[in-house]
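Heads up, the thing below is written out as structure tokens.
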Amino acid sequence: MRNRFRRGDRDALGELYDEHAQVLYRYALRVTGDWAEAEDVVSATFLEAWRSREGVRPEGDGLRPWLLGIATNIMRRNARARRRREFALARVPERGTVPDFADDLVTHLADTEQLRAAHAALARLRRRDREVFTLVVWAGLDYAAAAEALGVPVGTVRSRLSRARTRLRELADAEARAAGSRSRPPRAGTGSGRPPAAGTPVPGRSPVATSSSTQEKHG
């Protein structure tokens with residue numbers, strides 16, 4: 001099938017799509033977090049693959065790493081273009097808020113919150129580390145296939161993945177500590193979290209003790 005595809009056999013393109021489209025879609029959805037964009041990435045990937053089919057090596061295993069590499073490059077370009085648009089829009093004077101009805105038109109998956117949390121964590125990684133992590137962990141490539149997809153040595157994939165996992169563990173631990181701090185109830189007598197005013201009785205201490213300690217503090 002590889003050689004048929006290289007020669008421009010459209011039936012081979014159809015077979016390639018049937019075999020890999022769902023894998024590409026799931027990968028793009030996890031990376032982008034957007035259903036419509038994931039579909040666009042899949043379409044653009046196969047279009048780009050067809051245009052560059054003559055560059056496929058005649059020997060080798062499956063074409064999944066090659067396709068995932070194309071998808072990764074497309075999403076990388078899309079992210080750069082999105083940042084440029086956001087920068088340009090930020091410089092345009094506001095003319096009022098336009099209601100966003102997108103959420104009313106989309107049926108969310110059950111793991112939307114988990115996906116959003118994963119994006120928030122992954123966004124804090126270096127781009128190169130993030131790409132290795134998503135290809136190996138989310139797309140299920142082994143180190144050699146991920147190296148082929150990104151055009152880097154296998155050792156580079158190993159080091160980037162190790163760095164990504166270490167960083168994500170650090171972020172998860174920090175988030176757990178922050179969540180624990182947020183869930184801790186306020187100290188008795190503090191009300192909204194502000195310290196009690198001078199002279200205010202504190203449970204477990206008499207007004208006298210409070211008054212005398214205040215005097216000692218200012219004495």
Seminar exercise, completed: d(Arg26 CZ, Leu29 CG) to nearest 0.5 Å is 10.0 Å

Problem set entry | Partner set under side-chain hydrogen bond (donor to acceptor under 3.5 Å, both in side chains) for Glu39, not counting sequence neighbours | none

Seminar exercise, completed: Those residues at least two apart in sequence (or on a different chain) that pass side-chain contact (heavy atoms from CB on, under 4.5 Å) with Thr156 are Val152, Pro153, Arg160

Seminar exercise, completed: Ala164 meets the side-chain contact (heavy atoms from CB on, under 4.5 Å) criterion, sequence neighbours left out, with Leu125, Asp129, Phe133

N/O donor to acceptor pairs below 3.5 angstrom from side-chain atoms of residues 69-76, sequence neighbours left out:
unit_1, atom_1, unit_2, atom_2, d
Thr72, OG1, Tyr27, OH, 2.8
Thr72, OG1, Leu68, O, 2.8
Asn73, OD1, Arg76, NH1, 3.3
Asn73, ND2, Gly69, O, 3.4
Arg76, NE, Glu131, OE2, 2.8
Arg76, NH2, Glu131, OE1, 2.7
Arg76, NH2, Glu131, OE2, 3.2

Exercise. So, do Glu148 and Arg57 sit near enough that their side-chain heavy atoms are less than 4.5 Å apart?
Worked result: yes

Problem set entry | Smallest separation among heavy atoms of Pro65 and Ala149, with atom names | O-CB, 3.2 Å

Exercise. Do Arg7 and Arg53 pass the side chain to side chain contact (heavy atoms under 4.5 Å, CB included) test, and can you show the C-alpha distance, the side-chain angles, and the key distance before you say yes or no?
Worked result: CA-CA 8 Å; Arg7 292 194 300 267; Arg53 62 187 180 276; over 6 Å; no

For this session: Evaluate the criterion side chain to side chain contact (heavy atoms under 4.5 Å, CB included) for residue pair Val41 and Tyr25; output intermediate values, then yes/no.
Result: CA-CA 8 Å; Val41 168; Tyr25 176 75; over 6 Å; no

For this session: Determine the minimum heavy-atom distance between Trp138 and Arg30, stating which atoms define it.
Result: CZ3-O, 3.0 Å

For this session: Answer yes or no: are there more than 12 heavy-atom neighbours, outside Arg124 itself, under 6.0 Å from its atom CZ?
Result: no

Seminar exercise, completed: In short, ring-ring contact (aromatic ring centres under 6.0 Å, His included) pairs touching residues 144-169 with sequence neighbours left out are none

Donor-acceptor list for residues 11-20 side chains, cut-off 3.5 Å, not counting sequence neighbours:
unit_1, atom_1, unit_2, atom_2, d
Glu15, OE1, Arg4, NH1, 3.3
Glu15, OE2, Arg4, NH2, 3.1
His20, ND1, Arg64, NE, 3.2

Problem set entry | N/O donor-acceptor pair under 3.5 Å between Thr134 side chain and Arg130 backbone | yes

Problem set entry | Co-membership, hydrophobic cluster, residues Val154 and Val136, 4.5 Å side-chain | yes

Exercise. Are Trp35 and Val23 co-members of a hydrophobic cluster defined by side-chain heavy atoms under 4.5 Å apart?
Worked result: no

For this session: Kindly give the heavy-atom pair with the smallest separation between Val42 and Leu24, and that separation in Å.
Result: CG2-C, 3.9 Å

Seminar exercise, completed: Residue set satisfying salt bridge (Lys or Arg N to Asp or Glu O under 4.0 Å) with Arg167, at least two apart, ordered chain then number -> Glu170

Problem set entry | For Val56, side-chain contact (heavy atoms from CB on, under 4.5 Å) partners two or more places apart | Arg2, Phe5, Arg6, Leu63, Trp66

For this session: For Arg169, check side-chain contact (heavy atoms from CB on, under 4.5 Å) against everything at least two apart and list the hits.
Result: Arg165, Thr166

